[in-house]
Amino acid sequence: MKKKIVVIGSGFAGLTAATHLSAAGHEVHLLEKNDQSGGRASVWEKDGFTFDMGPSFYWMPEVFEQHFEHFGYKASDFYQLKRLDPGYRIYANKHQQIDASADLETLKAAFEQREKGSAKKLEAFLKDAEYKYHTAMGDYVNRLSDSITEFLEPRLIFKTIQLNLFSSIRSAIRKQFKDPVLVSMLEFPVLFLGSTPDKTPALYSMMNYADLIKGTWYPMGGMGMVSKAFTDLAKLKGVNLHLNTEVLNIEVLNKMAKRVKSNQGDFDADIVISGADYHHTEQNLLNADNRVYDQNYWEKRSMSPSALLFYVGLNKRIEGIEHHSLFFDEDFEQHAIEIYKDPKWPSKPLFYLSAASKTDNSIAPEGCENLVFLIPLAPGLTDSDDMREHYFNVQMDRLEQRTGQSLRANVVVKRSYAMRDFERDYYSFKGNAYGLANTLLQTAFLKPKIKSKKVNNLFYTGQLTVPGPGVPPTILSGEIVAKEVLKQIQAKKI
Ligand SMILES: Cc1cc2nc3c(=O)[nH]c(=O)nc-3n(C[C@H](O)[C@H](O)[C@H](O)COP(=O)(O)OP(=O)(O)OC[C@H]3O[C@@H](n4cnc5c(N)ncnc54)[C@H](O)[C@@H]3O)c2cc1C
């Protein structure tokens with residue numbers, strides 16, 4: 001029964017799937033094209049600064065914990081978590097700001113101060129979000145989502161109605177809250193789902209529960225510590241990790257993947273799982289006969305945004321900023337139009353700033369600040385150095401104005417990262433940063449499937465399949481595919 005399993009890509013999904021399958025006694029080879037594991041959660045080190053290149057918000061800590069617990073460990077065996085308070089700060093226009101306090105009473109007081117009656121409404125809103133969170137996590141996200149029939153049990157149909165799948169989160173929020181700053185705080189988590197609030201089902205208010213009640217955490221040493229922990233655990237469980245190993249082709253014979261060809265040689269396989277971007281695997285690693293989705297299908301998908309990032313080291317500290325800051329001081333609607341409806345470089349971008357050195361001295365030299373700037377952008381835009389530099393200046397101007405401190409002369413490390421880098425490093429379709437947008441028509445069984453319909457022993461995992469983008473969902477995706485593979489081995493189907 002011992003199978004030879006090749007997993008392509010060492011992001012969280014690939015690492016999770018590989019660990020489960022190796023722990024179940026199979027021979028697992030995890031092939032990664034880059035020189036480090038972790039995928040989009042890679043790390044860049046320069047002159048004493050350690051930058052997290054991708055994710056920075058550690059949400060839904062129980063999903064990480066369950067991963068370690070499954071193998072007899074705790075997250076704290078690998079890294080130390082700190083809950084951030086506030087979770088983040090929002091800078092709104094006209095010099096207004098609000099903090100996402102970790103203490104619910106303080107948060108309610110901040111709401112009430114801005115809008116009379118909103119504290120009570122927030123409590124009720126979060127109660128409903130809690131129900132959605134537990135229902136979704138208990139009944140929906142762990143499903144293979146291969147077909148609609150999985151969701152047709154009467155019990156689930158009843159629950160689905162209660163989850164408000166068919167109304168938008170925008171209307172759910174705006175029906176109750178009028179103050180624009182409060183609205184922006186409640187709509188912000190939706191940005192992680194790669195879509196706009198009007199296109200996102202109200203179900204996703206579950207993210208507000210994840211944000212405001214479960215909290216924003218920080219792994220000391222940075223998110224790179226988490227990808228390292230997943231990698232260390234994978235190795236402890238016997239996974240053979242091959243870095244700098246780029247898969248070039250999946251050889252298929254009689255509807256079975258037989259061999260994975262890479263730039264480091266060939267790997268025979270009984271089962272293949274791809275945790276690399278779905279579009280890349282199908283379009284570039286398989287012959288046309290074995291593809292389930294054609295290029296036209298992908299062109300019609302609504303992708304999550306790409307992003308322009310700057311990793312910046314300052315040789316001084318900035319006074320008065322928090323670990324996570326959201327510069328929502330320009331018109332959100334206009335920026336959203338420029339991402340989704342009329343793709344272009346934004347006229348007045350919103351941006352996110354991480355200053356993780358506020359919490360963690362180990363990621364910057366003494367007296368220095370570790371900054372990451374991020375502007376969400378339409379996927380597929382033409383990407384030029386001049387354009388990048390223009391936006392660096394826009395962000396620095398706004399940061400300097402808001403903090404009243406001059407910073408530009410103190411930049412000692414600077415690197416930009418955008419569409420063409422995502423394409424080069426991850427073979428990301430149109431340079432998307434985090435997969436497919438979570439719109440209603442791209443949810444559950446409407447997403448690209450985990451099981452190939454053409455190649456019997458080929459499976460997919462990661463942010464382009466179920467349950468969706470973000471580190472916790474991709475961990476769950478790795479679990480779902482591993483469970484399905486084990487089930488099929490048991491049933492002697494593969
Ligand atoms: C800038 C940014 C910020 C984000 N912020 C957050 C956040 O704050 N919180 C959060 O939870 N999520 C965040 N996300 C999303 C989250 O990082 C991703 O959803 C998740 O890490 C994706 O994991 P994955 O395993 O699906 O894919 P990936 O991490 O992309 O892994 C796929 C791997 O496959 C490899 N690969 C591709 N092609 C080949 C090939 N031919 N051969 C071998 N290997 C190959 C790639 O090199 C890569 O390592 C962010 C993402 C980005 C980019």
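Positions are given from 1 along the sequence. Atom set for the values below is all heavy atoms of this structure, side chains included, hydrogens, waters and symmetry mates excluded.
Here Asp270 does not pair with Lys2 in a salt bridge; the nearest charged N to carboxylate O distance is not below 4.0 Å. Salt bridge status for Arg388 with Asp421: present, with a side-chain N to carboxylate O gap under 4.0 Å. Using a cutoff of 4.0 Å between basic side-chain nitrogens and carboxylate oxygens, Lys214 and Glu62 are scored as salt-bridged. In summary, Glu251 and Lys261 engage in a salt bridge, as defined by a charged side-chain N under 4.0 Å from a carboxylate O. With salt bridges taken as basic N to acidic carboxylate O contacts below 4.0 Å, one links Asp146 and Lys453. Salt-bridge annotation for Glu282 and Lys454: absent, with no side-chain N of the basic residue lying under 4.0 Å from a carboxylate O of the acidic one. A salt bridge is absent between Asp289 and Arg291; no separation between the charged side-chain nitrogens and carboxylate oxygens falls under 4.0 Å.
The cationic atom of Arg415 (NZ for Lys, CZ for Arg) does not lie both less than 6.0 Å from the six-membered ring centre of Tyr417 and within 45° of the ring axis.
Remark: the backbone N or O of Ala136 is not paired with any side-chain donor or acceptor of Asp139 at under 3.5 angstrom. Asp35 places no side-chain N or O within donor-acceptor distance of the main-chain N or O of Asn244, the cut-off being under 3.5 Å. Between the side chain of Thr465 and the backbone N or O of Pro448, at least one donor-acceptor pair lies under 3.5 Å. With Asn456 contributing its side chain and Met256 its backbone, the two residues share no donor-acceptor pair below 3.5 Å. For the pair Ser56 (side chain) and Asp52 (backbone), a donor-acceptor distance under 3.5 Å is absent. Side-chain atoms of Ser22 never come within 3.5 Å of backbone atoms of Thr19 as a donor-acceptor pair (strictly under, hydrogens ignored). With hydrogens and angles disregarded, a donor-acceptor distance shorter than 3.5 Å links the side chain of Asn142 to the backbone of Met137. For Glu45 (side chain) and Thr50 (main-chain N/O), no donor-acceptor pair under 3.5 Å exists by modelled atom type. In terms of modelled atom types and a separation under 3.5 Å, the side chain of Ser354 and the main chain of Leu371 share no donor-acceptor contact. Looking at His26, its side chain does come within 3.5 Å of a backbone N or O of Lys3 through a donor-acceptor pair.
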**OP:** Run the numbers on Phe310 and Val372 for side-chain contact (heavy atoms from CB on, under 4.5 Å), then give the verdict.
**Re:** CA-CA 6 Å; Phe310 278 95; Val372 179; over 6 Å; no
**OP:** Evaluate the side-chain contact (heavy atoms from CB on, under 4.5 Å) criterion for residues Asn457 and Val272: first the C-alpha distance (whole Å), next the side-chain angles of each, then the deciding distance (0.1 Å), finally the verdict.
**Re:** CA-CA 6 Å; Asn457 60 344; Val272 176; 5.6 Å; no
Subject >> Derivation of the side chain to side chain donor-acceptor pair (under 3.5 Å) call for Tyr427 and Asn284 >> reply: CA-CA 10 Å; Tyr427 292 133; Asn284 302 327; over 6 Å; no
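Here the closest heavy-atom approach between residue Leu458 and residue Ile250 is recorded as CD1-CD1, 4.3 Å. In this structure, Gly468 and Thr474 approach most closely via the heavy-atom pair O-CG2, 3.9 Å. When all heavy atoms of Val260 and Val247 are compared, the pair lying nearest together is CG1-CG1, 3.6 Å. Val481 and Tyr460 get closest at one heavy-atom pair: CG2-O, 3.7 Å. The shortest heavy-atom contact between Leu30 and Ser10 is CD2-CB, 3.9 Å. Closest non-hydrogen pair, Ser147 versus Phe445, comes out as C-CB, 3.9 Å.
Ser195 and Thr439 share no side-chain donor-acceptor pair at under 3.5 Å.
Classification of the Phe422-Tyr426 ring pair by plane angle, with boundaries at 30° and 60°, yields tilted. Between Phe64 and Phe230, the ring planes are perpendicular. Angles over 60° get that label, and only those under 30° would be called parallel. Tyr293 and Trp298 have perpendicular rings, their planes meeting at more than 60° on a 0 to 90° scale where under 30° would count as parallel. Between Tyr311 and Trp44, the ring-plane angle classifies as tilted under the 30° and 60° cut-offs.
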Enumerate donor-acceptor pairs with a distance under 3.5 Å from any side-chain N or O in residues 483-494 to protein atoms, sequence neighbours excluded.
residue : atom : partner : partner atom : Å
Glu484  : OE2  : Gln488  : NE2          : 2.9

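Ring to ring, His67 and Tyr73 are not that close: their centroids are 6.0 angstrom or more apart. Phe267 and His242 have their aromatic ring centers within a separation under 6.0 angstrom. The aromatic ring centroids of Tyr352 and Phe373 lie 6.0 Å or more from each other.
By the 4.5 Å heavy-atom criterion applied to side chains, Gln395 and Phe327 are not counted as neighbours.
Atom NZ of Lys341 has 12 or fewer heavy atoms from other residues, nucleotides or ligands within 6.0 Å.
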